[in-house]
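Data block below; observations after.
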Number of protein chains: 4
Amino acid sequence: MTERSLISPPAAGTRAQLVDAAERVLRSKGLARATTKEIAREAGCAEGTLYLHFADKLDLVRAVHEKLLPAFIEVVRHLPGRAGTRTVEANLTELGCSALRLYLDMLPVGSSLFADPELLRRFRARLAEQGAGPHRAWEPVVAYLRAEQALGRVAADADPAAAALLLLGACEQLAFVELMTGPETLPFRDRPDPVAVLVATLLAGLSPTDPSDPTETERRP
Amino acid sequence: MTERSLISPPAAGTRAQLVDAAERVLRSKGLARATTKEIAREAGCAEGTLYLHFADKLDLVRAVHEKLLPAFIEVVRHLPGRAGTRTVEANLTELGCSALRLYLDMLPVGSSLFADPELLRRFRARLAEQGAGPHRAWEPVVAYLRAEQALGRVAADADPAAAALLLLGACEQLAFVELMTGPETLPFRDRPDPVAVLVATLLAGLSPTDPSDPTETERRP
Amino acid sequence: MTERSLISPPAAGTRAQLVDAAERVLRSKGLARATTKEIAREAGCAEGTLYLHFADKLDLVRAVHEKLLPAFIEVVRHLPGRAGTRTVEANLTELGCSALRLYLDMLPVGSSLFADPELLRRFRARLAEQGAGPHRAWEPVVAYLRAEQALGRVAADADPAAAALLLLGACEQLAFVELMTGPETLPFRDRPDPVAVLVATLLAGLSPTDPSDPTETERRP
Amino acid sequence: MTERSLISPPAAGTRAQLVDAAERVLRSKGLARATTKEIAREAGCAEGTLYLHFADKLDLVRAVHEKLLPAFIEVVRHLPGRAGTRTVEANLTELGCSALRLYLDMLPVGSSLFADPELLRRFRARLAEQGAGPHRAWEPVVAYLRAEQALGRVAADADPAAAALLLLGACEQLAFVELMTGPETLPFRDRPDPVAVLVATLLAGLSPTDPSDPTETERRP
DNA sequence: GATGAATGAGACTTCATTCAT
DNA sequence: GATGAATGAAGTCTCATTCAT
């Protein structure tokens, strides 16, 4: 491993290399088959080195999970600035597509949180002490929708948080199902652009719009 | 084990007992800590007995996963018959609430699919040979929405599959996030009834109604 | 297993079927992989049945070994009667070929005696109480050679037991080596008839004949 | 294990210690009862250490078998140099005695090859890739006999390979039978020096030497 | 006598972790 | 800080044996 420094700069820091390696192994092998030996090999360092940077294997895995939320936030970061540009539909579709891609990437890693309660416990403890949480990823979406509401491009009485949850949740489930059934069997994704359909449906709503329909007056009493 | 038959009926069948025991252990301990020893103890049989009924531990876990989809289907089974009764909102809210409860129960177990690629591989193979798939759970929802469309209680041009995905996906994400952040920190569920808000948002849609329409200003006072 | 009696007669006796089955499994799988489950299946009976006829698995294996010596004796049984017929060389070559065939068959089974000291211990105890032993197989060979000595076709001062040991031992080693190196790599057996060469060498001896003896120069033209 | 280095030198290398320990256990307990736990204890290391040096238990056993052939070769190594010294009889008797001792030692270990076909398969594969084989042990014997032939101390027309096989085979069978029947019951070895009798018989041959014997002229037409 | 589901001791093996270098 | 051989607890799985039917 001495020659490694001649090839790729060790400047990245062994710790970061370990986290990256762990993420790769977690993604390809799953938590159950992610061994310290393989993570170390992937990181290009010795197995013992892992314990200079992390208390134990679970702490390394937790560090991987901590990188997930920022990645999500990155996707929605520029969204509020988009308010008023293009169309709401285009902006939300782009968001949905990015989210779908991200979910496909991260569900395999994120799911491992539930494969070990101790891992989940530590992850929650860390969230708590950082005041972080998944809503961090929603905030920009909510902010964007509020901005569009101010611009009149989104119904003023719509609930931005619920809308974000509907869109992102649908994308997550799309990813979840694709991962579960395999890339061949796509129960919904055989549409030209599934995300576009989701966005269109969310924008239009399900309620029949005919104002002359008498049942409509009691729609929401 | 002679007395066992005096206490609990062995009628359930050792195999079913093992699947049930595995589900309980999987839920409480996670895949990473679900040992054959504990599963056998929970099932009230010897460890070796497990291997009379399943090829290996992973096959038992797969059998647990196979029980999950039917449970989902059970929830939506009676939904199509509800078309035309009560209100669409009430029906969808009830569906969402049931789904949310189910997701909270099953995500910890279902997620373990991604903790081991071999487990996922076998699960997919099984789905393939059964012709099953997660769309089975959507079908009744889609059927319900179509029925409501026929009754004019849902917009004729709405996409039922997309709508189902939006609602169920949001519920899944609600569950996912609650499980991740812990029961105390609910980023969205501090609302009186989060599911109701989701349904309302989905029904109304995000698009602003024609501002020239005067009735619109009072739609939701 | 009820129908089995309709197909093959159970008359053979379950016990004998078990011994035969054990021998087949021992030969194909080796002691290390000869499980009671497979032996029972091969014998066409239930696993538990084995214990009605044998104290334990090792006793069944011992019974297999007890069948081996008789098989050897069968080969040499008619040998003494051959004295004076054909040529000594022909008779010994036929013996050697039969022995070689037998060793190839039985070494894999016989060797397993040494894979478990307890098995060997029981086998010896059984030999002792029967007064049997491997010399039983030599006796007819020795008797034959003695008869040939009486006929003047074998040197009077040759040691029949040593001669038997030399011939049978060489055949055993031939078999041993062939089994070890595989059927392709035959270090000695590439000769047209290895056994014939062995017999010829044994008959002629290694000592140079007296060079002053003129008849000697033509011994083998 | 810190103190171990104070007692016995670790210089031997853990791998070699494991092979030696495995050989001892194999010899005393047989393959069927040679557990990794006991081998590790015998080697003075942890059970897991075994798997740092060998793929699995069978690979360790194979390594033991690989030590056997060299040991044989060691015995015959100096034989060719003996040509012309002492008497052929003395040299062959010494060879036979060494071989007998070695066979008594190694048959229990070597036989285990046949107790597991997988073990045999791997052993053969290894032989093949090394170009080795049991003939390696015969070569020096054959070379010795050829040298003696050149010196006129062994019949020029004798087959050296057959002669080696006859002598070594007889010694092997002597060992085999002694191991089978136990140290008390020696069917042939009750002679003062069984190996000497074998050598004498091999040297003299079985053919009657009386040239005046008319039957003799047709011995090998 | 026959069955075969159940048993459970114990086998082989893995892998997170340590520590002398 | 880095290493990696060694550790040993704990895991999965096998299989000879039993026993109620």
Side-chain angles (χ1 to χ4, degrees), chain A residues 1-2 4-5 10 13-15 32-41 43-60, chain B residues 1-2 4-5 10 13-15 32-40 43-58 60, chain C residues 1-2 4-5 10 13-15 32-41 43-60, chain D residues 1-2 4-5 10 13-15 32-40 43-58 60:
Chain A
M1 280 308 126
T2 312
R4 184 173 50 81
S5 59
T14 307
R15 193 194 138 96
R33 297 175 193 265
T35 65
T36 53
K37 182 186 294 290
E38 175 144 13
I39 292 172
R41 182 177 51 220
C45 69
E47 230 177 323
T49 306
L50 196 156
Y51 294 86
L52 297 176
H53 298 279
F54 300 93
D56 55 19
K57 182 192 164 191
L58 236 47
D59 264 0
L60 170 55
Chain B
M1 275 310 122
T2 312
R4 184 170 53 81
S5 60
T14 307
R15 193 195 139 95
R33 296 175 194 267
T35 66
T36 53
K37 190 183 296 291
E38 175 145 11
I39 293 172
C45 70
E47 222 175 331
T49 304
L50 196 156
Y51 295 88
L52 293 180
H53 298 280
F54 300 93
D56 55 19
K57 183 192 161 189
L58 237 47
L60 171 55
Chain C
M1 277 310 125
T2 311
R4 183 174 51 81
S5 58
T14 307
R15 194 195 136 96
R33 297 175 193 266
T35 64
T36 52
K37 182 187 293 289
E38 176 144 13
I39 292 172
R41 184 176 49 219
C45 70
E47 231 176 322
T49 306
L50 196 156
Y51 294 87
L52 296 176
H53 297 279
F54 299 93
D56 55 19
K57 182 193 164 191
L58 237 47
D59 265 358
L60 170 55
Chain D
M1 277 309 124
T2 311
R4 184 170 52 81
S5 60
T14 307
R15 194 194 138 96
R33 296 175 193 265
T35 65
T36 52
K37 188 185 296 290
E38 175 146 13
I39 292 173
C45 70
E47 223 174 331
T49 305
L50 196 156
Y51 295 88
L52 292 180
H53 298 279
F54 300 93
D56 54 19
K57 181 191 162 191
L58 237 47
L60 171 54

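The structure displayed is predicted, hence computed values, not measured ones. In what follows, chains are A, B, ... by sequence order, proteins preceding strands, each numbered from 1.
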Intra- and inter-strand pairing of DNA chain E, written as dot-bracket with Watson-Crick and G-U pairs under 3.5 Å and | for the latter, reads .||||||||||||||||||||

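One can place CZ of B/Arg33 at 12 Å from C1' of E/dA16, the figure rounded to the nearest angstrom. The CG-P distance, from C/Leu58 to F/dC15, rounds to 15 Å in whole Å. Regarding D/Glu38, its CD atom lies at a distance of 9 Å from the P atom of E/dA11, rounded to whole Å. Atom C1' of nucleotide F/dA5 and atom CG of D/Leu50 are separated by 14 Å, given to the nearest angstrom.
Here the nucleotide nearest the side chain of D/Glu47, chosen from E/dC12, F/dA16, E/dT17, is E/dC12. Each of F/dT18, E/dC12, F/dC13 was ranked by its minimum atom distance to the side chain of D/Tyr51; first place goes to E/dC12. Looking at the side chain of D/Cys45, the nearest of the listed nucleotides F/dA16, F/dT7, F/dA2 is F/dT7.
Backbone-only contact: D/Ala34 has heavy atoms under 4.0 Å from sugar-phosphate atoms and none from a base. When heavy atoms are screened at a 4.0 angstrom cut-off, C/Thr35 is found touching the sugar-phosphate backbone but no base atom. Nucleic acid contact class of A/Ala55 (heavy atoms, under 4.0 Å, all strands): none. Within the 4.0 angstrom heavy-atom criterion, base atoms lie near D/Thr49.
Of all non-hydrogen atoms in D/His53 and D/Arg15, the two that sit nearest each other are O-NH1, 3.6 Å.
Along DNA chain F, the nucleotide closest to B/Lys57 and the one closest to B/Leu52 are compared, and the more 5′ of them pairs with B/Lys57. Judged by closest nucleotide on DNA chain F, A/His53 is the one of A/His53 and C/Lys37 placed further toward the 5' end.
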